[in-house]
Amino acid sequence: MSKVVMIDSVWELEPFLTQRKATTGVKYGFIGLGQGGGKIADTFAGIRNPHTNEPCYPVLCINTNMGDIDNLKNVDKNNRIALKGKEFEKGAGMDPAKGRLAVEANGEAVFEGIQRVLKDAEVIVVVASLGGGTGTGSLNMVIDVCADYVKKPVLAIVTLPNTHVDENVNAFEALKELTPKLAEYRKDPDTDDEYRVLENLIILDNKKIIEEHLEALDKGDEEVKNISWDRYSNYKVASVLHEWNVTTTLESDKTLDAEDYKNKLLFTGGVSTFAKKKINIQDNDLKSESDLINEIVSTYRGRNVLANGFDYKNDAKAFGLHIVMPKQKEQMLNTNTLEKIIKRIQEELPGVPVYYGKSSWDSKHVLVYTHLSLNGLPERAKKLKQESEELLRQQREREERASGFNIEGDLETERKNAPSRNRGSSSSVPSNPFASKGSKEVAATTPAKFNPFKK
């Protein structure tokens, strides 16, 4: 029996990950910014090699709130940076300007951490939840530094907030600055080589995730039972992206290898959406080749935890497909069947190139993985401006309707003035009774470190 591979002893990964030569194709490294980004990155840190028990991906987490840093489960304690400074040590308080300032002020430590932790990564994934302070405020700046100074391809995973006036406005401003990076090229001053600032963007929608999670709980869905919506979402995203990554290394006569996966699907300047479906090959409803084709092709349109509402027909740039077949049923997916699947996809998405691979495993289930790169945003992201403006309008109306605090009229009575409690100038600085007498500040003698976050 194959060894069971888990994340946090909670979320089970597919057993094909234990195959002899199965390994990670793309060497991702993750930077989690703020509370939301840190939790997602921490989930990737919990994925371990089933043979060595070593982490599959290096992860660095950065936050203004020490409590959030301490609550991470999997990230090495040496790879957690608590941003120092009395004005942000308790968090950025949903203030993106404060989050940006916190990273700027700690730029030397942040840059050193990125270089140290992600030195062996070939692709850097910056993760942040849009809407708050630290991640929202520092996301674009960290992407710029990774692209310009670390000089590695950069992807981003971001989450749209549940409906909330302050978070919506913050998310809109951050996304407005972020999306142009998908089409922005810069020139390396050392080599004259051109590079894209942001290679790919993955968007999660917390509003959608919460609504679907509560609906699934009401229906008694076993997959979501006893797990919060945010942990469910994080496990789902991390497991599907990791399993997709490992499929690029499986032994097969038709493989979508890691180089093609990167160059044809990831390094496209697009927005990515990916999905997974498990099909019981013994299901009585799956009676024919046509049934199998329908199930496989429909995977990309099915339910997943990412944002939805894409214009697949007009915006799709590239389509990735990997099918893992039960060994005893491999004949069901012969060359002719694969060609029919590709033809069906191209009928639905005219002109879109399809890159595919297939492999096998010991199971009664077919696993289908799809990955689309699209030249367009999901519906809610497109409408985030209008949604934010409506929330601001509602806020103004509430303020206008409020009764206020005015109390009219005067009382005809006399009252002596209370004695003043002021004991000194408000601008004076109190002395510190705990400080040692005669102590002096020691001037710094260490050379200044490089801080690319301060321009």
Side-chain angles (χ1 to χ4, degrees), residues 1-28 30 39-59 71-76 209 213 216-217 220-252 255-256 258 261 274-283 286 295 299 302-306 322-330 333 357-371:
M1 181 178 291
S2 299
K3 180 180 179 181
V4 177
V5 186
M6 307 280 285
I7 307 177
D8 295 342
S9 301
V10 172
W11 190 266
E12 187 172 340
L13 299 172
E14 297 296 348
F16 74 77
L17 300 177
T18 64
Q19 291 184 14
R20 185 167 55 90
K21 292 187 178 181
T23 185
T24 52
V26 181
K27 295 181 179 178
Y28 296 115
F30 294 86
K39 287 182 177 179
I40 296 173
D42 189 59
T43 307
F44 281 97
I47 300 174
R48 293 182 172 271
N49 183 305
H51 305 295
T52 66
N53 203 38
E54 292 296 315
C56 289
Y57 305 106
V59 177
N71 283 333
L72 298 175
K73 296 175 178 290
N74 304 302
V75 176
D76 189 298
I209 294 167
H213 191 78
L217 283 173
D221 189 333
E222 287 295 319
E223 190 178 50
V224 303
K225 189 177 180 181
N226 300 322
I227 187 168
S228 63
W229 68 268
D230 54 338
R231 291 187 72 196
Y232 171 79
S233 170
N234 295 348
Y235 288 138
K236 198 77 172 180
V237 169
S239 62
V240 175
L241 192 59
H242 174 62
E243 289 167 12
W244 230 128
N245 194 21
V246 173
T247 67
T248 65
T249 71
L250 298 179
E251 294 181 347
S252 172
T255 300
L256 174 60
Y261 184 61
F274 45 83
K276 169 188 174 182
K277 180 184 285 187
K278 182 181 285 190
I279 305 167
N280 188 342
I281 205 74
Q282 309 298 334
D283 196 323
L286 200 63
E295 287 289 333
T299 299
R303 176 183 169 189
N304 62 61
V305 298
L306 304 181
H322 191 98
I323 305 169
V324 188
M325 288 292 294
K327 287 182 178 178
Q328 70 274 21
K329 296 287 184 177
E330 280 189 276
L333 194 69
K358 67 183 181 72
S359 54
S360 61
W361 69 326
D362 291 314
S363 174
K364 64 180 182 180
H365 293 100
V366 178
L367 294 176
V368 184
Y369 296 90
T370 60
H371 187 134

Check your understanding: Is there a donor-acceptor pair under 3.5 Å between the side chain of T249 and the backbone N or O of T23?
Key -> yes
Review point. Side-chain contact, heavy-atom cut-off 4.5 Å: R231 with D8?
Key: yes
Study note, to complete from the structure: What one should report as the nearest heavy-atom pair of T43 and I7 is O-CG2, 3.8 Å
Check your understanding: Just wondering, do K364 and P326 contact through their side chains at under 4.5 Å, heavy atoms?
Key -> no
Practice item. Could you tell me which non-hydrogen atom of F44 sits nearest to which non-hydrogen atom of V59, and how far apart they are? Key: C-CG2, 4.5 Å
Exercise for review: Could you tell me which non-hydrogen atom of H365 sits nearest to which non-hydrogen atom of N280, and how far apart they are?
Suggested key: CD2-CA, 3.7 Å
Review point. Where is the tightest heavy-atom contact between A22 and L250, given as atom of each residue plus distance?
Key: CB-CD2, 3.8 Å
Check your understanding: Is the closest side-chain heavy-atom distance between I227 and H213 below 4.5 Å?
Key -> yes
Check your understanding: Are any of the side-chain heavy atoms of V366 and I323 separated by less than 4.5 Å?
Key -> yes
Review point. Is the shortest side-chain N to carboxylate O distance from E330 to K358 below 4.0 Å?
Key: no
Point to revise | Short side-chain donor-acceptor distance under 3.5 Å, H242 and Y57 | key: yes
Practice item. Apply side-chain contact (heavy atoms from CB on, under 4.5 Å) to T248 and list each qualifying residue two or more places apart in sequence or on a separate chain. Key: N245, A258, Y261
**Study point:** Note, K225 side chain near Y232 side chain (heavy atom, < 4.5 Å)
**Key:** no
Practice item. Check for a donor-acceptor pair, side chain of N49 on one end and backbone N or O of C56 on the other, with a separation under 3.5 Å. Key: no
Review point. Do you know which two heavy atoms are closest between S359 and H322, and how far apart they sit?
Key: OG-NE2, 2.8 Å
Review point. Which atom pair, heavy atoms only, marks the closest approach of V237 to V305?
Key: CG2-CG2, 3.4 Å
Exercise for review: Just say parallel, tilted or perpendicular for the rings of W244 and H371, cut-offs at 30° and 60°.
Suggested key: perpendicular
**Study point:** Stepwise side chain to side chain contact (heavy atoms under 4.5 Å, CB included) check, E12 with V4
**Key:** CA-CA 7 Å; E12 187 172 340; V4 177; 3.8 Å; yes
Review point. Among all residues two or more places apart in sequence or in another chain, which pass the salt bridge (Lys or Arg N to Asp or Glu O under 4.0 Å) test with E251?
Key: R20, K21
Exercise for review: Would you confirm whether K73, through its side chain, and G46, through its main-chain N or O, come within 3.5 Å as a donor-acceptor pair?
Suggested key: no
Point to revise | All side-chain contact (heavy atoms from CB on, under 4.5 Å) counterparts of E243, not counting sequence neighbours | key: L13, E14, F16, L17, S239, K276, Y369
